[in-house]
Amino acid sequence: MSQTVDRALSILPLLAEGPANLEQVASRLGVHKSTALRLLRTLHEHGIVYRQPDQRYRLGARLFALAQQAVENLDVREIAHPHLVALNEKCGHTVHLAVYEENEVLYIDKVESRYPVRMYSRIGKPVAITVAAVAKLLLADLPEPERRALAEKLDYPLYTSRSTPHATAFLAELAKVREQGWATDLGGHEESINCVGAPIRGADGRVVAAMSVSAPNVVVTADELLTLLPLVRRTADTISREYSGTAIPQSPTGPVQEA
């Protein structure tokens, strides 16, 4: 039975390359054409493959419908939450999860710090889009024309002396974040608050959410917070793998430079 399932599943990557006839399928599987035909007929009955008028087979609409349904029913917050809690238990600092929706970056989950000094942020609240680490991660993944168009129409409030001052600086920061795969906000929104973040990716490699760890200077310095970056990235990678159901390579966890 397991061999039959394995052979049936092996047909799908072949047909993903394009329509194939019975002989091509049998050759790829290394089986007799009668065995290949039996597998194809079963998959066809379930709508997983479709037999064209020219007798070649291609992937069926049912397969795409199932994939779309699965994606729509994925809840990144539900998947991420236990990992955010575990990260909070290890470091003790505030952990956020955010997504990009309708030109805003919104917090969709938060695990509070164990320390008395806490951040003023709440689930459903838009973040400071030009300075927040999670915002940089989400916007850096946008196609370049969309990034540029968005950057040009944003306002750039100077929350602190380290805030992003204009579109040119913002685009340069997004390019850096896109290249290195992580982001920081070191006093850009509030002088006393620092933050490090990492992206959560779907099966296609695109960023679907971003997570971060934040802490005030009175608890840890910016340099001390940056030492948590490898742990933050590993947590994001773990969530990405669980969310996408794929084996995404681990992020590098060596020494990092301040962004």
Side-chain angles (χ1 to χ4, degrees), residues 9 12 16 46-48 59-114 118-129 132-143 146-147 150 174 177-178 181-183 185 195-214 228-251:
L9 293 176
L12 303 184
H46 289 275
I48 303 301
L59 295 179
R62 177 61 175 160
L63 181 64
F64 297 110
L66 288 171
Q68 182 62 33
Q69 183 180 0
V71 170
E72 289 175 353
N73 288 330
L74 282 176
D75 184 345
V76 69
R77 181 187 181 277
E78 181 179 355
I79 292 170
H81 185 74
H83 300 288
L84 304 183
V85 171
L87 177 60
N88 169 267
E89 290 173 349
K90 289 178 181 177
C91 70
H93 306 307
T94 302
V95 182
H96 286 112
L97 181 70
V99 295
Y100 179 58
E101 292 182 353
E102 299 181 356
N103 296 323
E104 285 188 325
V105 176
L106 305 170
Y107 290 129
I108 61 171
D109 201 1
K110 177 184 180 182
V111 184
E112 290 281 6
S113 167
R114 74 165 71 108
R118 297 189 174 184
M119 290 185 59
Y120 175 71
S121 58
R122 65 178 185 271
I123 296 173
K125 178 181 174 64
V127 311
I129 198 168
V134 288
K136 295 173 187 177
L137 290 160
L138 291 160
L139 301 185
D141 191 62
L142 296 175
E146 193 173 343
R147 285 203 312 271
L150 179 63
L174 294 186
V177 168
R178 187 181 179 91
W182 50 276
D185 169 15
C195 176
V196 295
I200 295 166
R201 300 181 184 276
D204 59 359
R206 298 298 305 273
V207 176
V208 297
M211 57 166 293
S212 64
V213 171
S214 304
L228 295 176
L229 182 55
L231 177 59
V232 174
R233 299 185 74 185
R234 284 196 297 271
T235 302
D237 286 343
T238 299
I239 297 169
S240 296
R241 287 194 299 274
E242 188 170 333
Y243 178 81
S244 65
T246 57
I248 296 176
Q250 289 279 353
S251 297

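- One finds the OG1 atom of Thr238 at 12.5 Å from the CZ atom of Arg233 (value rounded to the nearest 0.5 Å).
- In this structure, the separation between CE on Met211 and NE2 on His83 is 10.0 Å, given to the nearest 0.5 Å.
- Residues Tyr107 and Val134 are in side-chain contact: their nearest non-hydrogen atoms beyond the backbone lie under 4.5 Å apart.
- Annotation for Gly197 and Leu137: closest pair C-CD1, 3.4 Å, computed over non-hydrogen atoms.
- With Asp109 contributing its side chain and Ala80 its backbone, the two residues share no donor-acceptor pair below 3.5 Å.
- Residue Asn88 holds its CG atom at 9.5 Å from NE2 of His81, rounded to the nearest 0.5 Å.
- Of all non-hydrogen atoms in Gly92 and Ser113, the two that sit nearest each other are O-OG, 3.1 Å.
- Rounded to the nearest 0.5 angstrom, Leu150 CG and Asn103 CG are separated by 6.0 Å.
- The closest donor-acceptor contact from the side chain of Ser212 to the backbone of Cys195 lies at 3.5 Å or more, if one exists at all.
- Put simply, CZ on Arg178 and CG on Leu139 are 11.5 Å apart, with the number rounded to the nearest 0.5 Å.
- Two residues are said to be in side-chain contact when any heavy atoms from C-beta on lie closer than 4.5 Å; Tyr100 and Leu142 meet this criterion.
- Tested against His93 for a side chain to side chain contact (heavy atoms under 4.5 Å, CB included), the candidates Val196, Val213, Leu87 yield a single pass: Val213.
- Evaluation of the salt bridge (Lys or Arg N to Asp or Glu O under 4.0 Å) rule for Asp141 yields Arg201, Arg206 as partners, not counting sequence neighbours.
- Distance check: Tyr243 OH to Glu78 CD gives 12.0 Å after rounding to the nearest 0.5 Å.
- The two residues Val177 and Ala140 come nearest to each other via the heavy atoms CG1-CB, 4.0 Å.
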Hey, mind stepping through Val95 and Lys110 against side-chain contact (heavy atoms from CB on, under 4.5 Å) and telling me if it holds? CA-CA 6 Å; Val95 182; Lys110 177 184 180 182; over 6 Å; no

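- Among residues two or more places apart in sequence or in another chain, the side chain to side chain contact (heavy atoms under 4.5 Å, CB included) test is passed with Ala209 by Val76, Leu97, Val99, Ile200.
- Listed here is the closest heavy atom pair of Leu63 and Leu59: CD2-CD2, 3.8 Å.
- Across every non-hydrogen atom of Ser240 and Pro199, the tightest pair is OG-O, 4.0 Å.
- For the side chain to side chain contact (heavy atoms under 4.5 Å, CB included) with Glu101, the lone residue among Leu106, Ile108, Leu138 that qualifies is Leu106.
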